[in-house]
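A quick write-up on the structure given underneath.
Lettering follows sequence order; numbering is per chain, from 1. This one's a predicted model, so the numbers in the text were calculated from it and none came from an experiment.
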Protein chains: 2
Amino acid sequence: MEDSVDRHLARWRGKAPYDELVEGVVTRMQMLVKHLHQTKAAALAEVGMQDFEFETLHRLMAHSGGATPSVLAAELLLSPAGMTGRLDTLERSGLIRRVRSTDDRRRVDVELTDRGRELWTEAMQIRAEVESEMISALSLEDRVTLDGLLKQLLHNVESPH
Amino acid sequence: MEDSVDRHLARWRGKAPYDELVEGVVTRMQMLVKHLHQTKAAALAEVGMQDFEFETLHRLMAHSGGATPSVLAAELLLSPAGMTGRLDTLERSGLIRRVRSTDDRRRVDVELTDRGRELWTEAMQIRAEVESEMISALSLEDRVTLDGLLKQLLHNVESPH
DNA sequence: GGATAGTATTTCGCTGGCGAATGATTCGTC
DNA sequence: GACGAATCATTCGCCAGCGAAATACTATCC
């Protein structure tokens, strides 16, 4: 079995001081994520939604439909400025609502509108299909293994140092 | 051991029809790639280079320093328009050179300049460090396993249907 | 051999995201 | 209890990428 990264690495062999394994893992992850992004974008377009919109609604739902911009930004690995931009778009589309917090008036609470909840539900189906399709190549056991390894990596990256 | 995705999934448990394993794998990959992107961007900035520049130079090197825009675009999962933009930037910075092909004059050959080769070499060090740092959490054996699993996924996604 | 279809690249207008600076509010400390 | 530092969100100017249309060239077909 061969993928495009194999071909890429083969072209490289011997030409540079180069850890093929590291490069392989990294490049494959990047391409998978990029593929996923593009496939989901195409699928979600049918409901008239963009990936970043779903991503945001989804995080909001995880917070029971309400959270502050800074929390969302941190979780989505987004700059504060980028978050504001997203929320602007979502608000204009009527999917979220901004409410100035009463106890700490620096804060803004972001809430899902009914329409936002609806759209999220629709998108869930579509997205789940696309993601499952990608993972379908692996047995249940392999999925667990993969998940575990990725978790080690992410933990390492997230823990201070 | 716990990562941010664990916490995210925990918040979700029972609230939605939801394959935790699929979501876990997908989300972790996305976050790792995003992290990598940000870390590399920060590291490469020291040489005054951006990630997309390196990515392009690197592909070019893999083609022994010369390739056409369309080939590069395909390999980098980029639109033709996006590729043109990248090449414009790289050309302005003096890292690549465009040469109209003589036999088929619709074609353009993209070549690395000496400066491009130099900068690529510098960047290779930096990038390798960042990537290795990320992978360092895994034993050699685990790396092989991870790489194999990712390869299965990518192969599945790339093979027609 | 001239119209037609096809291919490679570029141009154009638009969008999401970033970094830095700004405005608004709260906290800490003396 | 007031002043300076920290915190939260937004605005601004900029940039890389996309989709669609335009441009430039080649191949095909009658």
Side-chain angles (χ1 to χ4, degrees), chain A residues 30-31 33-35 37-42 44-45 48-57 59 66-93 95-111, chain B residues 30-31 33-35 37-46 48-57 59 66-93 95-111:
Chain A
Q30 285 173 333
M31 297 196 74
V33 168
K34 207 158 185 174
H35 248 295
H37 221 267
Q38 293 178 347
T39 314
K40 278 195 290 203
L44 283 178
M49 207 186 328
Q50 285 170 277
D51 187 59
F52 78 93
E53 295 178 309
F54 174 81
E55 200 191 11
T56 315
L57 295 188
R59 281 282 158 171
T68 67
S70 17
V71 168
L72 290 174
E75 291 183 0
L76 296 169
L77 296 183
L78 224 59
S79 73
M83 198 66 233
T84 299
R86 278 198 184 187
L87 295 176
D88 286 348
T89 308
L90 291 174
E91 195 163 35
R92 248 180 273 121
S93 319
L95 303 181
I96 62 131
R97 184 176 28 238
R98 279 192 252 226
V99 188
R100 205 100 216 172
S101 165
T102 48
D103 47 329
D104 184 343
R105 289 177 45 231
R106 288 171 307 183
R107 282 206 166 75
V108 169
D109 273 319
V110 182
E111 297 172 357
Chain B
Q30 286 173 331
M31 297 196 74
V33 167
K34 209 158 183 175
H35 248 295
H37 219 269
Q38 293 178 347
T39 314
K40 278 194 291 205
L44 283 178
E46 290 169 24
M49 208 185 329
Q50 286 170 277
D51 187 58
F52 79 93
E53 295 177 309
F54 175 82
E55 198 190 13
T56 315
L57 296 187
R59 280 283 159 173
T68 67
S70 15
V71 168
L72 291 173
E75 291 184 0
L76 296 169
L77 297 183
L78 224 58
S79 74
M83 198 65 234
T84 300
R86 279 198 184 187
L87 296 177
D88 287 348
T89 307
L90 290 174
E91 196 163 34
R92 250 180 272 121
S93 320
L95 303 181
I96 62 131
R97 184 176 28 239
R98 281 193 251 225
V99 187
R100 205 101 215 171
S101 164
T102 49
D103 48 328
D104 183 342
R105 290 177 45 233
R106 288 171 305 183
R107 282 203 167 78
V108 169
D109 274 318
V110 182
E111 297 171 359

How far does [atom1] of [X] sit from [atom2] of [Y], to the nearest 0.5 angstrom?
X	Y	atom1	atom2	result
Q30(B)	L76(A)	CD	CG	10.5 Å
L95(A)	M49(A)	CG	CE	7.5 Å
E53(B)	T89(B)	CD	OG1	7.0 Å

### Message
For chain B and DNA chain D, what are the first and last nucleotides along the strand, 5' to 3', with at least one atom under 4.0 angstrom from a heavy atom of the protein chain?
### Response
dA16(D) to dT26(D)
### Query
Given axes from five pairs at either end, by how many degrees does the helix from dG1(C)-dC30(D) to dC30(C)-dG1(D) bend, rounded to 10°?
10°
Any non-hydrogen side-chain atom of [X] less than 4.5 Å from a side-chain atom of [Y]?
X	Y	result
P69(B)	T84(B)	no
L57(A)	I96(A)	yes
T68(A)	V110(A)	no
M83(B)	T56(B)	yes

### Task
Inspect the surroundings of NE2 in H35(B) and state if more than 12 heavy atoms from other residues, nucleotides or ligands are less than 6.0 Å away.
yes
### Task
Please check if the side chain of E111(B) supplies one atom and the backbone of V99(B) the other of a donor-acceptor pair under 3.5 Å.
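Flag not set: sc E111(B) to bb V99(B) has no pair under 3.5 Å.
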### Query
Would a distance-only check, ignoring hydrogens and angles, find a side-chain to backbone donor-acceptor pair under 3.5 Å from K34(A) to L78(B)?
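Flag not set: sc K34(A) to bb L78(B) has no pair under 3.5 Å.
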### Task
Under the salt bridge (Lys or Arg N to Asp or Glu O under 4.0 Å) rule, collect the residues that match up with R105(A), sequence neighbours excluded.
none
### Task
Just jot down the salt bridge (Lys or Arg N to Asp or Glu O under 4.0 Å) partners of E55(B), sequence neighbours excluded, or say none.
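Partners of E55(B) under the salt bridge (Lys or Arg N to Asp or Glu O under 4.0 Å) test: R86(B).
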### Message
Just to be sure I understand the geometry, which residues of residues 73-92 of chain A put a non-hydrogen atom under 4.0 Å away from DNA chain D?
### Response
P80(A), A81(A), T84(A)
#### Entry: DNA chain C-proximal residues of residues 97-108 of chain B, any heavy atom under 4.0 Å
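Correct list: R98(B), R106(B), R107(B), V108(B).
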